[in-house]
Amino acid sequence: MTYKAYHAVADTDTVKPVRKSSASIGVSYGTDALFFGRTGPIRYPFVSTDIIVNTKPGFFVYGSGLKVLGYKPLVDEIDVGGGYYYRLSKKYTGTISYTRFIFNKEANIIKSASSNDINWKNTFDWKFLRTSITADYLFGKSDDIFTTLTASKYYESKFSIFTDQDYLSITPAVSMILGTQNFVQRYTDDHNRKLEFDNITDKNIRARNSRFNALNYSLKFPLAYNTPHYTLEASYRYSIPVNVEGILQNRKESFFNLTFYYVFY
């Protein structure tokens with residue numbers, strides 16, 4: 001199976017874990033920064049790097065850095081965190097983790113309105129389908145809760161490409177994000193983005209942002225080339241935001257990501 005890290009980055013799928021001590025280094029490129037179904041007022045293409053260390057008992061630690069292309073800060077964001085992977089049965093697995101977000105004061109991505117994330121994900125493999133439910137509690141500069149529901153199916157090629165140990169895989173997935181969006185208002189305040197409404201309308205928007213609603217529906221198609229130690233993955237996501245409030249006015253959008261990571265056992 002494709003190597004995947006234990007921990008879950010916000011608004012992404014947790015990867016299939018390898019139950020052994022390991023470390024991985026990865027680099028990714030994305031056409032826009034997406035955070036719990038929301039993007040900034042303009043596109044922010046980015047590159048990111050990740051380092052993850054997994055232990056055989058299931059504990060893991062990780063760190064990552066993100067750079068938005070075309071903007072001044074050398075590094076826009078650094079994340080550090082850790083957690084635990086557990087397996088309750090052959091079909092039922094989960095992770096619980098904590099992540100601290102550290103941002104450059106000049107960072108413009110919408111994620112910069114958050115500071116901390118507690119993530120709890122539970123996954124059940126039905127063989128014909130893999131389903132998961134993820135709960136996130138974000139706190140610090142703004143407080144929000146999210147629930148992400150995902151259904152995916154893993155396919156692996158029965159043939160090799162260049163060697164007898166490589167193969168292709170594809171994992172189409174559909175997901176729905178529900179939650180509050182106080183981080184949108186915090187982002188507006190932090191970046192001095194004035195709403196073109198009177199104070200009454202502004203108060204109404206703040207009240208609606210605190211409601212627990214559906215935020216986003218998405219389709220994802222990741223295609224990966226895999227070897228025992230490294231993976232190269234190209235991914236397409238189609239995002240449909242709903243119940244959008246405030247200045248962002250997110251619309252349907254396509255996202256492309258390219259990721260490479262190497263695993264040391």
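- For F183 and F35, the ring centers are positioned less than 6.0 Å apart.
- For N250 and R38, the side-chain atoms include no donor-acceptor pair closer than 3.5 Å.
- When all heavy atoms of S142 and A113 are compared, the pair lying nearest together is OG-O, 3.2 Å.
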Worked check of side-chain hydrogen bond (donor to acceptor under 3.5 Å, both in side chains) between N213 and N243: CA-CA 7 Å; N213 286 320; N243 294 314; 4.8 Å; no
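- Nearest heavy atoms, A224 versus T231: CB-CG2, 3.9 Å.
- Under 4.0 Å is where a charged nitrogen must lie from a carboxylate oxygen, and between R130 and D125 at least one such pair does.
- Hydrophobic cluster membership is shared by F221 and Y217, with clusters built from Ile, Leu, Val, Met, Phe, Trp and Tyr side chains linked at under 4.5 angstrom.
- For the pair K67 (side chain) and P73 (backbone), a donor-acceptor distance under 3.5 Å is present.
- Between S22 and V263, the shortest heavy-atom contact is CB-CG1, 4.2 Å.
- No side-chain heavy atom of E106 sits less than 4.5 Å from a side-chain heavy atom of S112.
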Apply side-chain hydrogen bond (donor to acceptor under 3.5 Å, both in side chains) to Y62 and T99, showing your working. CA-CA 9 Å; Y62 52 90; T99 306; 2.4 Å; yes
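- Under the 3.5 Å distance criterion, the side-chain polar atoms of D32 are left unmatched by any main-chain donor or acceptor of R43.
- By the criterion of side-chain heavy atoms lying less than 4.5 angstrom apart, applied directly or through intervening Ile, Leu, Val, Met, Phe, Trp or Tyr residues, I25 is grouped together with V27 in one hydrophobic cluster.
- Looking at L138 and F146, their side chains come closer than 4.5 Å, going by heavy atoms from C-beta outward.
- With sequence neighbours excluded, the residues satisfying side-chain hydrogen bond (donor to acceptor under 3.5 Å, both in side chains) with K141 are D190.
- Side chain of T171 to backbone of P222: no donor-acceptor contact under 3.5 angstrom is found.
- Nearest heavy-atom pair across T31 and S254 is OG1-O, 4.3 Å.
- Y154 and E156 share a donor-acceptor pair across their side chains, judged by distance under 3.5 Å alone.
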For side-chain hydrogen bond (donor to acceptor under 3.5 Å, both in side chains), just list the numbers for D117 and Y98, CA-CA rounded to whole Å, side-chain angles, deciding distance to a tenth of an Å, and then say yes or no. CA-CA 6 Å; D117 179 26; Y98 165 76; over 6 Å; no
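- Heavy atoms from other residues, nucleotides or ligands lying under 6.0 Å from CG of L74 number 12 at most.
- Looking at residues two or more places apart in sequence or on another chain, you find a ring pair (Phe, Tyr, Trp, His ring centres under 6.0 Å) between F124 and W126.
- Not less than 6.0 angstrom separates the ring centroid of H229 from the ring centroid of F264.
- A donor-acceptor contact shorter than 3.5 Å is absent between the side chain of N182 and the backbone of D144.
- A centroid separation of 6.0 Å or more is found between the aromatic rings of F260 and Y262.
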Would you please test F255 and Y238 for ring-ring contact (aromatic ring centres under 6.0 Å, His included) and show each step? CA-CA 6 Å; F255 298 83; Y238 185 66; 9.2 Å; no
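- Outside the 6.0 Å centre-distance limit, the rings of Y225 and Y167 are not counted as a close aromatic pair.
- Counting only N and O atoms by type, the side chains of N257 and Y29 include no donor and acceptor under 3.5 Å apart.
- N122 contributes atom CG, which lies 7.5 Å from atom CG of L88 (distance to the nearest 0.5 angstrom).
- Taking the ring axis of F128 as reference, the NZ or CZ atom of K153 does not stay both within 45° of it and closer than 6.0 Å to the ring centre.
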